[in-house]
Engineer: 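Let me begin by handing over the structure; questions about it come next.
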Amino acid sequence: MMNIQHLMNNNNSSTIHHTSSPLPYPTNTSPTTKAHPKTRVGVSHRSSSVKMSVFNKSAHVKKMEDFVDVSKVVVVKGVVVLKHKSFFGLFGSKVSLKLVSHSANNMEGTVGKAAYLEKLSAKSADLADDESAFGVTFNWNHEIAVPGALIVSNEHHNEFYLKTVVLEDVPDCGTVQFHCNSWVYPSKHYLQKHRVFFANKTYLPHQTPKSISVYREEELRILRGEGRENAKLEEWDRVYDYACYNDLGEPDEGPDHVRPILGGSAKYPYPRRTRTSRPPTETDPLTESRLPLYKALQDMYVPRDEKFEQLKFSDFLGDTFRSVSQGSVGALKGLFDKTPTEFDSLQDVLNLYERGIKLHKSSLLKKFKGLLRIDDADTLKFPMPDIIKEDKTAWRTDEEFARQMLAGLHPLLIRRLEEFPPVSKLDPETYGNQNSSITKECIQENLDSLSLDEAIKGGRLFLLDHHDMIMPYLREINTNTTSRVYATRTILFFKDDGTLKPLAIELSRPHAEGDQYGAISKVYTPAYDGIEGSFWDLAKTYVAVTDSGYHQLISHWLNTHAVMEPFVIATHRQLSVLHPVYKLLLPHFRYTISINAVARQIALNADGLFEAAVFPRKYVGDWTSAMYKDWVFTEQALPVDLVKRGMAIKDSESPYGYKLLIEDYPYAVDGLEIWSGIETWVKEYCSIYYESDEMVAADTELQSWWKEIRETGHGDKKDEKWWPEMKTVDELIQSCTTIIWVASALHSVVNFGQYPYGGYMPNRPTISRQFMPEPNTPEYEELNTNPDLAFLKTVPNQLQTLLALSVIELISGHSPDEVYLGQEDPQNKTSDAAALEAFKRFTVKLSETEARIIERNSDPKLKNRVGSAKLPYTLLCPSSGVGITGRGIANSISI
C-alpha cells in the first residue's frame with residue numbers, strides 16, 4: 001500500500017468543506033441544494049419499478065449530529081488516488097465525497113456531510129507515473145459506526161479515474177479502504193447523479209448490513225441496465241448485456257460479405273457476446289452495423305471499466321491494429337519492390353529472421369512500422385522463433401512432430417486409442433462410411449514386437465483425430481475457397497523410452513459423387529527416402545494444417561475467449577462487488593470483453609484475419625459454431641478432460657489424484673500441478689464464506705448468476721444435463737476452479753507459445769493450398785525432384801506468412817501491465833485476513849511449482865520436455881517478463 005500517513009502528514013490543508021446538512025441517496029437536487037433539516041434517511045422497499053432512485057422522495061434525512069452528541073464528531077482524513085492524469089480542475093466543489101454508515105445503531109443509511117478534494121503537498125514514491133493523490137477530510141461521528149459506502153458526485157465537465165480512497169485512524173476500526181478502480185463521469189450522465197463505492201468488505205447478500213444493502217441492490221440494477229434494454233449505450237454507461245454474434249458480416253457491401261448470425265438458433269449455436277447497441281444494417285435488420293476500425297477502437301461500446309488502460313492500448317492497439325485494418329494484402333504489396341508471392345526455398349523463409357527483406361520506400365512504410373518489424377534501414381526482419389533457434393531442421397523429424405502433441409502449442413487433443421481401426425461418429429445416412437481405412441498391416445511392423453491387441457490393451461497406441469470435426473465442411477471449403485484440406489487421423493505408438501512415434505497418417509476427402517458415399521482416404525506410413533519420404537513429410541504437413549486450424553479457432557478462440565465472455569457479463573450483472581465470488585473471479589476477467597470486441601472487428605469478421613490466414617476461410621463462423629455444439633463446461637476441467645481422452649485415470653496414490661498414461665506428458669504434468677493449486681486456493685477461499693451446502697443454495701445472487709450463465713449467456717445449451725446445479729459447496733468450488741483455469745492457464749498455454757512454435761511457418765502452417773500430388777502430374781514430378789519447393793507451394797505463401805507472422809508476434813507477447821496468476825494482490829478486493837492468508841499460500845505454491853517445472857526440464861530422462869529442437873516446455877511457468885517469452889500464466893484472457 002502507498003505510504004498514506006506520509007501524504008497525510010504533508011497535507012497542510014485544514015479547511016473542511018461540507019454542506020449544511022447531509023443529503024439523501026440519491027437526490028434529484030444539485031449538490032449545492034440543501035436538504036430539509038428535519039428529513040431522515042430511511043430504507044424503502046423497492047417495487048419492480050425501474051426508477052433509479054433508491055429512496056422515496058418522502059424519505060427522511062436527519063443530520064448526523066442529531067443522532068448523538070455533536071462532541072462525538074471527529075475529523076477523519078483520507079487520501080484519494082486518481083489515475084490517467086484526469087484530475088485537473090477537480091478542486092473546490094467540483095467533486096464531492098460522502099460517507100455512508102456501515103451500520104447505525106438500528107438507524108438506517110446515515111449519510112455524512114460532503115467533503116471535497118484537497119491538494120497534497122507531497123507525492124508518494126508509491127504512486128505510479130500516471131497517478132496523483134489528493135487529500136480529503138470528513139467530519140464523522142464514530143457513534144454511528146464505521147463507513148460502509150462512499151457516494152461520489154462529479155460536477156466537473158470531464159470524467160476521471162478513481163483508483164482508491166483510503167481513510168486512516170477511523171475510530172473503532174483504523175484504516176478503511178475503498179478500492180474503486182472505476183471511471184466517474186459527470187453527474188449529468190447518471191440518472192442517479194452520482195456513483196457509489198463500497199468499503200473493502202465482503203458480504204453474502206443476506207449478511208449485508210441493512211444500511212448499505214439498498215445500495216448493493218441498486219448497483220446491480222444499474223449494471224443490468226434495467227429499463228434500458230433497447231437503449232443506445234454511450235461511453236459513460238455501465239451496462240452489461242448480451243447479444244448474439246450478429247456483427248460479423250457486412251451485407252450492405254454485397255452477398256460475399258454476408259455471414260451467418262452466430263447464437264440464438266439451433267443451426268448456429270454460440271456463446272453470447274456483450275451488447276453494443278449499434279443500429280442494424282440497411283440490407284438486413286437482424287445484422288448489426290459495423291464501425292470502421294479506426295473508430296471502433298475508440299467508439300464501439302464496451303463498458304468503460306472493461307476497456308484497455310492507456311498503457312495496454314498504446315502498446316497493443318494504438319497504431320498496430322489500425323495498420324492491420326488498413327493493411328490489406330493489396331496495400332501490403334506496396335511495401336516491396338517485387339510483390340512477394342512464393343518462397344523459392346526454405347532459406348527464403350529463414351531469411352525473414354536472419355537477413356530480413358529490404359522494403360520499397362513509400363508512403364505506406366511509416367504506417368506499417370506500427371505493425372511490422374521494420375528497422376531504420378527499412379528492412380523487415382522478425383525475431384528468430386524458438387523452434388529453430390537451436391536446430392534449424394529438428395522440426396521436420398518424426399520425434400518432434402509427435403513431441404509437440406504432448407508439449408507443443410496445442411497439446412490438448414491427443415487421446416488413447418482404444419478401438420481399432422478408429423470409428424467415426426458421423427451419421428452414416430448423411431456421410432456414408434467414415435470409419436478409418438488404416439489397417440493392421442499398416443502399423444504392425446512398427447509395434448516393437450507387440451501384437452496389435454497387446455498394444456491397445458497396454459495403452460501403447462494413441463490417436464490425433466481431426467476427421468469427424470472437419471469432414472462435414474470439407475466439400476464447401478475445398479470447393480468455395482482457395483484451401484485444399486484433408487480430414488486427418490494420425491496413429492502413434494508409445495515407445496519404451498517414453499516418447500511417441502507416428503505410425504500412420506490417414507488423409508480423407510469427401511467422395512466426388514456425394515457425401516452419402518463416404519470418404520476417399522489414403523494412408524501414409526513413415527518413409528525417409530525418395531518419393532515415399534516426400535509423401536510422408538507432406539502428410540505430416542496436412543496434419544499440422546488441420547491441427548493449427550483447430551488450435552486457433554476452437555481451442556484458442558472458441559474454448560477460451562468466446563465461452564468466457566458470458567461468465568464475465570453475468571458476474572457483473574448478478575454478483576455485487578461485495579460478493580465473495582465476484583471478488584474471487586474478477587481478476588480473471590480483466591480486458592476479456594475488450595479483446596473479444598477487437599476480435600470481432602479484425603479476426604472473426606468477414607474477410608478478417610481468421611478468414612485470411614486459417615484454412616476454413618469464409619466458413620470460420622460456421623465451423624466454430626458446429627464445434628460449440630460439443631462444448632461441455634464440466635469437461636473444461638483439466639482432470640476431467642484428461643480422463644475423457646484416456647490420458648489419465650483417477651488414482652489416490654498418484655500426485656494430485658490422477659495417474660497419467662504417459663508419465664512424461666509435460667502439459668498434463670505441469671497442468672495438474674497448476675490445477676491443484678487453483679483448486680486448493682478456491683476451496684480455502686469459498687470455505688471462508690460458505691459453511692454449508694444450504695448457504696450456497698440460499699445465496700440469491702449466486703443462484704441468479706448461475707441461472708443467467710446457463711439460460712442466457714450460454715442459452716443455446718441451457719437444456720444440457722451436464723450443467724452443475726450449483727446447490728453445493730463442491731459444485732461452486734469445481735465451477736470456479738474451472739473458470740479460473742480456462743481464463744488463466746488454459747488460455748496461456750494456447751496463446752503465448754504461438755510465436756515460439758508457429759513463428760516459423762513451416763512448423764505450424766495454417767493453410768494448405770493444394771492436394772497431395774497425383775502420379776503423372778507436374779506436381780508429382782516436382783515433389784520427386786524438389787520436395788522442398790513442392791512443400792512451400794502447399795503451405796502459406798509469402799504474403800500470407802508475413803501477415804500471419806506480424807499478428808502472432810503481436811499476440812504472443814506479454815504487455816508491461818500484465819498481471820500473472822498468483823500475483824494479484826487480494827487487498828484490492830477484500831480485507832478478510834483468512835482470504836489474504838489463503839492467497840499467500842497460493843502464491844507460494846505457484847512459486848514452488850515453477851521451480852519444479854524448471855527442474856523437470858533439466859532432467860535428461862524426461863525426453864518430451866525439451867526434444868530434439870531443444871525447446872523446453874515452459875508455457876505453464878507462472879511468471880514471465882515483458883514480450884515474447886514462451887512462458888507466464890496471465891491472470892485473464894487479455895490478448
Engineer: For the side chain to side chain contact (heavy atoms under 4.5 Å, CB included) test, which of Thr680, Ile678, Ile674 pairs with Lys845?
Structural biologist: Thr680
Engineer: Shortest non-hydrogen contact from Leu409 to Gly753?
Structural biologist: CD1-C, 3.5 Å
Engineer: Please step through side-chain contact (heavy atoms from CB on, under 4.5 Å) for the pair Leu846 and Ile889, ending with a clear verdict.
Structural biologist: CA-CA 10 Å; Leu846 288 175; Ile889 301 177; 5.7 Å; no
Engineer: Give a yes or no on whether the ring-centroid distance for His588 and Phe567 is below 6.0 angstrom.
Structural biologist: no
Engineer: Decide yes or no for Pro762 and Val349: does some side-chain heavy atom of the first lie under 4.5 Å from some side-chain heavy atom of the second?
Structural biologist: yes
Engineer: Look at the side chain of Lys501 and the backbone N and O of Asn446, then say whether any donor-acceptor pair between them is shorter than 3.5 Å.
Structural biologist: yes
Engineer: Tell me yes or no: between the side chains of Ser437 and Glu506, is some donor less than 3.5 Å from an acceptor?
Structural biologist: yes
Engineer: Are the side chains of Thr393 and Leu346 in contact, using a 4.5 Å heavy-atom criterion?
Structural biologist: no
Engineer: Hey, which of His551, Gln552, Gln754 is the one that makes side chain to side chain contact (heavy atoms under 4.5 Å, CB included) with His410?
Structural biologist: His551
Engineer: What's the separation between atom CG in Asp391 and atom CD in Glu400, rounded to the nearest 0.5 Å?
Structural biologist: 9.0 Å
Engineer: With a sphere of 6.0 Å drawn around CG of Asp529, does it hold more than 12 non-hydrogen atoms of other residues, nucleotides or ligands?
Structural biologist: no
Engineer: Determine whether a donor-acceptor pair (N or O, by modelled atom type, separation under 3.5 Å) exists between the side chain of Arg460 and the backbone of Phe494.
Structural biologist: yes
Engineer: Using the benzene-type ring in the case of Trp, are the ring centres of Trp675 and Tyr656 under 6.0 Å apart?
Structural biologist: no
Engineer: Between Ser451 and Asp453, does any side-chain donor sit less than 3.5 Å from a side-chain acceptor?
Structural biologist: no
Engineer: Got Tyr665 and Ile414 here, is their nearest side-chain heavy-atom distance under 4.5 Å?
Structural biologist: yes
Engineer: Give a yes or no answer on whether the side chain of Asn891 reaches the backbone of Val819 with a donor-acceptor pair at less than 3.5 Å.
Structural biologist: no
Engineer: Is the closest side-chain heavy-atom distance between Thr801 and Leu352 below 4.5 Å?
Structural biologist: yes
Engineer: Using a 3.5 Å distance criterion without hydrogens, assess whether the side chain of Tyr628 forms a donor-acceptor pair with backbone atoms of Ala562.
Structural biologist: no
Engineer: Return yes if some donor-acceptor pair links the side-chain N/O of Lys392 with the main-chain N/O of Ile388 below 3.5 Å, else return no.
Structural biologist: yes
Engineer: Return the CG to CZ distance between Leu507 and Phe535, rounded to the nearest 0.5 Å.
Structural biologist: 10.5 Å
Engineer: State, with a plain yes or no, whether a side-chain heavy atom of Ser345 is found less than 4.5 Å away from one of Asp788.
Structural biologist: no
Engineer: So, do Tyr550 and Leu464 sit near enough that their side-chain heavy atoms are less than 4.5 Å apart?
Structural biologist: no
Engineer: Are Glu565 and Pro271 packed together at the side-chain level, in the sense that at least one heavy-atom pair is separated by less than 4.5 angstrom?
Structural biologist: no
Engineer: Flag the pair His747 / Met564 as yes when at least one side-chain heavy-atom distance between them is below 4.5 Å, and no otherwise.
Structural biologist: no
Engineer: When you check the gap from the basic side-chain N to the acidic O, do Asp641 and Lys644 get nearer than 4.0 Å?
Structural biologist: no
